[in-house]
Amino acid sequence: MPSSPLETMLRDSVWASTLPADELDQVVRESYERRVPAGASLMRTGEPADHWFGVIDGLLKMSVSTPDGRQSTFTGVTAGGWAGEGSLLKLSRWRYDGVAVRESRIACMPRHTFERLVSTQIGFARFLLNHLNARLSLFIGLVEYDRLFGPDARLARCLATLFNPDLYPRAGQFVALSQEEIGLLAGLSRQRANESLHVLQRAGLLRVEFGGVTVLDLAGLRSFSAPGVPAGRLAAGQR
DNA sequence: CCATTAAACACCC
DNA sequence: GGGTGTTTAATGG
């Protein structure tokens, strides 16, 4: 039988290989797919966390907005990535919005399924530890770069996180994301993001394309402007 | 003083 | 129609 994109997504996930076959079958039966149009919310701040979400295709962003309309994007989740375990583990409500940047197909695993895996499958728990650790290190890096480096390095770093192999094992080298969205990710205005992108392009780390960016040198992006390494550049006032 | 940004604009996909 | 590249005036550190 031909398996659906949902089933493929589930069975190809890193944690799937740690489960007994019958348990994995059960997970596949209990999960379902949801299509989210561009701009629509998958989860909203304050609503009860009742599913674990995996991105089959498309792109999800995690963001918050203030009452006066300003917004900040923490990170994006690309194809193959999972999100929402934090609020799920706490049995609480979402602490941020999950918005589809473009039309996306999402794998939805009910909370009770997630709970069963966490409490009965040591391999799954091990995966979650690794996953949480990867996210923790992502956000530590974010604070580090936010405090030590300028806009170009911050943007480089934020882009690189979208290609983190621990979180998104199936990332290609192109991400379809407008420069406005990239700016939101890095905390920059659109035209400043545009300028930074071209700085990075001139450095040979990526290629600016229409409606997205192709990464040419992921390691270079990740360490852009980082001191310490051989021939490392120094912090502060770039340009 | 200098970098950044919002707003506005004209192309281009 | 949305994304992109630029200019301009305003803003804030």
To the nearest Å, how far apart are A:Glu209 CD and C:dG3 C1'? 14 Å

Expressed in angstrom and rounded to an integer, what is the separation of A:Arg207 atom CZ from C:dT4 atom P? 15 Å

Quickly work out the A:Arg190 CZ to C:dG5 P distance and round it to whole Å. 9 Å

Can you measure from CZ (A:Arg29) to OG1 (A:Thr113) and round to the nearest 0.5 angstrom? 10.5 Å

Can you check whether A:Thr18 reaches A:Gln121 side chain to side chain, under 4.5 Å on heavy atoms? no

For a quick test of reading the model: is some side-chain N or O of A:His198 closer than 4.0 Å to OP1 or OP2 of C:dG5? yes

How many Å lie between CD on A:Glu195 and P on B:dC2, as a whole number? 16 Å

Does a side-chain N or O of A:Arg192 approach OP1 or OP2 of B:dT4 to a distance below 4.0 Å, or not? yes

Closest approach of A:Leu162 to A:Thr78 (non-hydrogen atoms, all atoms of both residues): O-OG1, 3.6 Å

Once you apply a heavy-atom cut-off of 4.0 Å, does A:Gly183 come out as touching a base, just sugar-phosphate, or nothing? nothing

Take atom CD of A:Gln179 and atom P of B:dC13, then tell me their distance rounded to the nearest Å. 14 Å

For C:dT4, does either OP1 or OP2 sit under 4.0 Å from a side-chain N or O belonging to A:Asn194? no

Integer-rounded Å distance: C:dG2 P and A:Glu180 CD: 11 Å

Please report the interatomic distance CG(A:Asn133) to CG(A:Leu167), rounded to the nearest 0.5 Å. 10.0 Å

Would you say A:Gln191 places a side-chain N or O within less than 4.0 Å of OP1 or OP2 belonging to B:dT4? no

Interatomic distance where CG belongs to A:Leu155 and P belongs to B:dT4 [whole Å]: 13 Å

May I have the distance from A:Phe210 (atom CZ) to C:dG1 (atom P), rounded to whole angstrom? 15 Å

